[in-house]
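Inspection log for the structure reproduced underneath, given as structure tokens.
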Protein chains: 2
Amino acid sequence: MGVDNVIFSVDTAQNRLLALLVKRQSEPYIGDWSLPGTLVRKGESLEAAAYRILAEKLRVENLYLEQLYSFGGPHRDPREAPDSFGVRYLSVSYFALVRYEDAMLIADEGCEIDWHPLGTLPNLAFDHQDILSYGHRRLCNKLEYSPVAFDVLPDRFTLADLYQLYSTVLGENFTDYSNFRSRLLKLGFLADTGEKVCRGAGRPASLYRFDAEAFAPFRDKPLVFV
Amino acid sequence: MGVDNVIFSVDTAQNRLLALLVKRQSEPYIGDWSLPGTLVRKGESLEAAAYRILAEKLRVENLYLEQLYSFGGPHRDPREAPDSFGVRYLSVSYFALVRYEDAMLIADEGCEIDWHPLGTLPNLAFDHQDILSYGHRRLCNKLEYSPVAFDVLPDRFTLADLYQLYSTVLGENFTDYSNFRSRLLKLGFLADTGEKVCRGAGRPASLYRFDAEAFAPFRDKPLVFV
DNA sequence: TTAATTATAGTAAAAATTACTATAATTACA
DNA sequence: TGTAATTATAGTAATTTTTACTATAATTAA
């Protein structure tokens with residue numbers, strides 16, 4: 001039984017949504033890119049295994065992680081072989097969003113690992129393309145309905161930072177900046193810190209922080225940010 | 001590796017949301033109620049196993065089924081014992097909504113099985129209460145955002161039937177009937193068959209059917225029925 | 001025949017969304 | 001130094017959607 005992670009990050013400098021892939025070093029699919037995965041260890045929970053893979057590939061402080069789906073058809077892996085329970089390889093997938101700027105790739109002994117823009121993905125091993133696509137759908141939904149963005153933004157951020165994260169993930173047909181601003185501000189869980197930052201030309205922007213307490217009443221409500 | 005099902009139905013005559021439970025006939029938790037479950041067979045997909053349990057407990061034509069979550073902490077089952085993969089018992093749960101009026105319980109050799117109203121559930125075996133609660137949350141969301149209702153309504157139904165299903169599942173603080181009607185009708189995927197039915201006193205109601213083709217543009221869009 | 005009952009249509013006020021315009025505060029550069 | 005470009009922010013009018021109702025239609029019950 002294995003855990004496979006779909007790990008996303010947003011490169012705000014280049015406006016790209018990225019997925020973390022590792023190159024397989026053994027058969028089957030040797031040399032192909034795949035999702036980082038692992039077998040679950042004795043006594044280890046699924047979530048613990050998911051965090052462990054992530055920590056083996058990435059040094060990162062700020063992230064959001066949740067279970068995605070379990071893929072377990074009998075023909076998904078050529079390694080298929082009966083075992084004591086009469087089942088074949090099962091993959092429980094998790095999806096994560098991490099802060100790109102902080103994430104340090106851990107490249108141990110020749111293990112190739114890299115970020116890949118969602119637009120130009122290589123062919124993936126196993127059914128990992130399906131898993132990744134499913135993870136992408138979930139990421140979009142999560143962003144629209146949950147405050148996951150604030151797990152990967154810095155503690156203090158501008159509304160432009162927030163907007164850029166949203167529009168990079170959700171694509172072109174996203175609300176315009178002005179309306180996004182007023183909607184978010186009206187919700188009342190973005191607290192203006194009073195501080196300003198200058199980023200290149202133009203009027204300085206206010207730094208906001210996410211007020212988790214003020215967000216509490218929205219928990220588990222269908223709250224749409226788009 | 002096992003599959004456990006959270007199977008819901010709506011008793012419209014009594015306005016109750018029901019879950020299907022079976023009484024355990026072996027240790028651990030012997031005599032307690034639990035979700036219907038099974039071990040996955042050699043060469044069987046997870047979904048196939050989920051449909052198989054359902055078919056073993058219930059004769060029913062109309063249903064909706066989807067994967068819920070995988071529960072796999074190392075301490076969830078007292079039966080825990082290491083196996084060849086180094087993992088413990090894992091439960092992949094599925095949730096289903098079936099048409100109550102058609103569903104025939106299959107009671108084989110002394111296997112106790114019954115519908116239980118969500119309000120008055122007994123103590124459940126293992127972590128099945130958690131799984132059931134999670135399934136209930138998912139059911140509410142599904143109903144609000146997807147056309148699952150039409151999988152368990154008869155082919156032709158009145159708007160009152162539809163409203164009753166929604167309000168039974170989603171509870172008291174649900175939109176009023178009049179606004180529910182106009183919202184649904186405006187969406188344009190309910191086709192008036194022209195037929196009328198009399199149900200007790202009052203003006204006869206139109207029978208509608210779900211027009212899957214007209215619904216197509218809404219697929220995967222965040223469509224709120226509430 | 002009248003009252004009760006259920007289905008359906010419609011509507012006015014409130015709220016939310018959308019597509020903008022205007023203004024403020026900074027940097028870039030001629 | 002002054003003017004243009006740039007970015008942030010505020011505001012607003014038109015439209016659409018939602019909400020809380022009222023009115024009317026078609027049937028059964030008495």
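Below, read A as the first sequence line, B as the second, and so on, with proteins coming before strands; counting in each chain starts at 1.
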Nearest-Å distance, [atom1] ([X]) to [atom2] ([N])?
X	N	atom1	atom2	answer
B/Phe174	D/dT19	CZ	P	11 Å
A/Arg181	C/dT23	CZ	C1'	13 Å
A/Lys196	D/dT7	NZ	P	17 Å
A/Asp176	D/dT9	CG	P	15 Å
A/Leu184	C/dA16	CG	C1'	15 Å
A/Gln164	D/dT7	CD	C1'	13 Å
B/Phe180	D/dT17	CZ	C1'	17 Å

Protein-nucleic acid N or O pairs under 3.5 Å, nucleotides 26-30 of chain C:
| from | atom 1 | to | atom 2 | distance (Å) |
| --- | --- | --- | --- | --- |
| C/dT26 | O2 | A/Gly202 | N | 3.3 |

Could you check which of [options] has an atom nearest any side-chain atom of [X]?
X	options	value
A/Tyr177	D/dA8, C/dA16, D/dA10	D/dA8
A/Ala205	D/dT9, D/dT18, C/dT8	D/dT9
B/Asn179	C/dT8, D/dA10, D/dA20	D/dA20
B/Leu185	C/dA9, C/dT17, D/dA8	C/dA9

Quiz item: Counting distance only, does the side-chain N/O of A/Arg138 pair as donor-acceptor with the main-chain N or O of A/Leu68 below 3.5 Å?
Solution: yes

Exercise. Tell me what A/Ser206 touches on the nucleic acid: a base, only sugar-phosphate, or nothing, going by heavy atoms under 4.0 Å.
Key: sugar-phosphate

Self-check item: Residue pair B/Glu112 / B/Asp114, side-chain heavy-atom distance below 4.5 Å
Solution: no

Quiz item: Can you tell if the side chain of B/Ile7 reaches within under 4.5 Å of the side chain of B/Val98, non-hydrogen atoms only?
Solution: yes

Quiz item: In chain order, what residues pass the side chain to side chain donor-acceptor pair (under 3.5 Å) check against A/Asp130, with sequence neighbours excluded?
Solution: none

Quiz prompt | Along DNA chain D (nearest heavy atom to each residue), the more 5'-positioned of A/Arg199 and A/Ser178 | solution = A/Arg199

Self-check item: Shortest non-hydrogen separation from A/Gly72 to A/Leu90 and the atoms involved
Solution: CA-CD1, 3.6 Å

Quiz item: Can we call the ring centroids of B/Phe150 and B/Phe157 under 6.0 Å apart?
Solution: yes

Quiz item: Mind checking what makes ring-ring contact (aromatic ring centres under 6.0 Å, His included) contact with A/Tyr163, not counting sequence neighbours?
Solution: A/Phe174, A/Tyr177, A/Phe180

